[in-house]
Amino acid sequence: MPPVRPQVVSLTTDYGLVDGFVAASHGMIARLAPAVRVIDVTHLVPAGDIRRGAAVLAQTVPYLPVGVHVAVVDPGVGTARRGIALATPDGYLVGPDNGLLLDAAAALGGVTDAVELTNPRWLAARVSATFHGRDVFAPVAARLASGAPLAEAGPTIDLSTLVRLPTPVVEVRPDGFTAEVLTVDHFGNVQLAAPAELLAALPARVRISPVGGAGWERTAVHGRTFGDAPVGALIAHADSAGRVALSVNGGRAAEVLASTAGTLLRVDGLAGC
């Protein structure tokens, strides 16, 4: 159980801002827990992009108050995939059992308990097959935020059965590393799965090239922040989440590197630099 009663409910989804999905989820929480503060993390996760949703959630929740963190990027809604709630030392996570929640759980101290959301008294009176954010996850979050015990939401889950996303590729070499692109943010910055300490050992300039013989390579400044490279130039740096990131000062690295989530990039130190 979290050490104190949750202070907020946060929402992270791929619902967008055009339809009423976000408002309906807010409304369900407000009806059941009108005093609870709701924080919108984002509703602009690319549709169905579980990996991107997981990264955004994991990199955000450590900076939020202790709370119930609802995440819905759920292409399997209405199928046999489970709806779950996880307890951690620093809050709850509620959403689908598709790998979306586990990186965030690790960021909050690890899963201490997990339940499947099967208690009909905790759900909406009518549960849509296609809108579990409103009818399952929002009401569960409201009840947890109001102090109801997790055990009432449903039966305990064996933690070893929780669905996990594939481990991203990181391969270390004496002169550099190869890493999978984890996410691309709004600014076009490319975040690699590699931890920042792998970059720290490399010289002042590095070479970026794709795995698979695309036939190009780029040179990047190894720096601390965007302004350490000339305008329009690539920079390799540690980002705010402690991972290696590739950016362009005044531009979009994702376009320069022709990279999207899942692309494998090779980073090598340039001798004599």
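These numbers come from a predicted model, not from an experiment.
- Electrostatic pairing of D74 and R81 counts as a salt bridge here, judged by a charged N lying under 4.0 Å from a carboxylate O.
- Listed by first and then second residue, the salt bridge (charged side-chain N to carboxylate O under 4.0 Å, His left out) pairs that reach into residues 144-165 come to none, sequence neighbours excluded.
- A heavy-atom distance below 4.5 Å is not found between the side chains of V140 and V70.
- The shortest side-chain heavy-atom distance between T88 and L93 falls under the 4.5 Å cut-off.
- Side-chain atoms of V169 and L264, non-hydrogen and from C-beta on, do get closer than 4.5 Å to each other.
- L11 and W122 fall within a single hydrophobic cluster, where Ile, Leu, Val, Met, Phe, Trp and Tyr are joined by side-chain heavy atoms under 4.5 Å apart, directly or via other members.
- A donor-acceptor pair shorter than 3.5 Å cannot be found between the side chains of T225 and H237.
- Once rounded to the nearest 0.5 Å, the distance linking CD1 of I29 with CG of L32 reads 9.0 Å.
- The CD atom of Q7 sits 9.5 Å away from the CD1 atom of I39 when rounded to the nearest 0.5 Å.
- Across all non-hydrogen atoms, the minimal contact from V68 to A145 is CG2-N, 3.9 Å.
- Counting only heavy atoms from C-beta outward, the side chains of F226 and N189 approach each other to under 4.5 Å.
- Taking every heavy atom of both residues into account, H69 and L108 meet most closely at CD2-CD1, 3.9 Å.
- The main-chain N or O of I84 is never found under 3.5 Å from a side-chain atom of D97 such that the two would form a donor-acceptor pair.
- Using a distance-only test at 3.5 Å, with no hydrogens or angles considered, no donor-acceptor pair links the side chain of T183 to the main chain of D185.
- Nearest heavy-atom pair across L44 and G16 is CD2-CA, 4.1 Å.
- No single ILVMFWY cluster, assembled from side-chain heavy atoms under 4.5 Å apart, contains both V8 and Y92.
- Around CZ of R173, the count of heavy atoms belonging to other residues, nucleotides or ligands within 6.0 Å exceeds 12.
- Side-chain contact between L162 and I157 is present, with at least one heavy-atom pair separated by less than 4.5 Å.
- Minimum heavy-atom separation, L199 to A238: CD2-N, 4.2 Å.
- Here the side chains of F137 and P96 are in contact, with some heavy-atom distance below 4.5 Å.
- Inter-residue side-chain proximity for L182 and R51 is flagged as met; some heavy-atom pair is nearer than 4.5 Å.
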Checklist entry - So L257 and I208, side-chain contact (heavy atoms from CB on, under 4.5 Å) or not? Walk me through it. => result CA-CA 8 Å; L257 301 173; I208 315 297; 4.0 Å; yes
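- Proximity of a side-chain donor or acceptor of H222 to a complementary backbone N or O of L202 within less than 3.5 Å is detected.
- With values rounded to the nearest 0.5 angstrom, Q191 atom CD is found 10.0 Å from S247 atom OG.
- Hydrophobic clustering (side-chain heavy atoms under 4.5 Å, transitive across Ile, Leu, Val, Met, Phe, Trp, Tyr) groups V9 together with V115.
- What you find for A54 and G99 is that their closest heavy atoms are CB-O, 4.3 Å.
- Two residues are said to be in side-chain contact when any heavy atoms from C-beta on lie closer than 4.5 Å; T156 and D113 meet this criterion.
- Hydrophobic clustering places L86 together with L165 (ILVMFWY residues linked when any side-chain heavy atoms are closer than 4.5 Å, directly or through intermediates).
- Every residue meeting the ring-ring contact (aromatic ring centres under 6.0 Å, His included) condition with Y15, not counting sequence neighbours, appears here in chain and number order: F21, F131.
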Next on the checklist: What verdict does the side-chain contact (heavy atoms from CB on, under 4.5 Å) test give for V256 and R218, after you've listed the backbone C-alpha separation in whole Å, the side-chain angles of each residue and the deciding distance to 0.1 Å?
Outcome noted: CA-CA 9 Å; V256 172; R218 303 284 186 270; 4.0 Å; yes
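- H132 NE2 to S25 OG: the interatomic distance, rounded to the nearest 0.5 Å, is 12.5 Å.
- Hydrophobic clustering, with ILVMFWY side chains joined whenever heavy atoms are under 4.5 angstrom apart, groups V73 together with L101.
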Next on the checklist: Test side-chain contact (heavy atoms from CB on, under 4.5 Å) on V181 and L192; report intermediate values, then the result.
Outcome noted: CA-CA 4 Å; V181 174; L192 302 182; 3.9 Å; yes
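- Between the N249 side chain and the A229 main chain, a donor and an acceptor come within less than 3.5 Å of each other.
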Next on the checklist: Walk me through whether V172 and L198 qualify under side-chain contact (heavy atoms from CB on, under 4.5 Å).
Outcome noted: CA-CA 8 Å; V172 182; L198 294 184; 3.9 Å; yes
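- Within the 3.5 Å criterion, the main-chain N or O of L144 finds no donor-acceptor partner in the side chain of S146.
- Residue pairs meeting the salt bridge (charged side-chain N to carboxylate O under 4.0 Å, His left out) criterion with at least one member in residues 241-258, sequence neighbours excluded: R252-E255.
- In this structure a side-chain-to-backbone donor-acceptor pair under 3.5 Å is missing from D268 to G176.
- Between the D40 side chain and the T42 main chain, no donor and acceptor come within less than 3.5 Å of each other.
- Note that CD of Q59 is 6.5 Å distant from CG of D239, once rounded to the nearest 0.5 Å.
- From S209, atom OG reaches atom CZ of R207 across 6.5 Å, with rounding to the nearest 0.5 Å.
- Between M28 and A124, the shortest heavy-atom distance links the atoms CE-CB, 3.9 Å.
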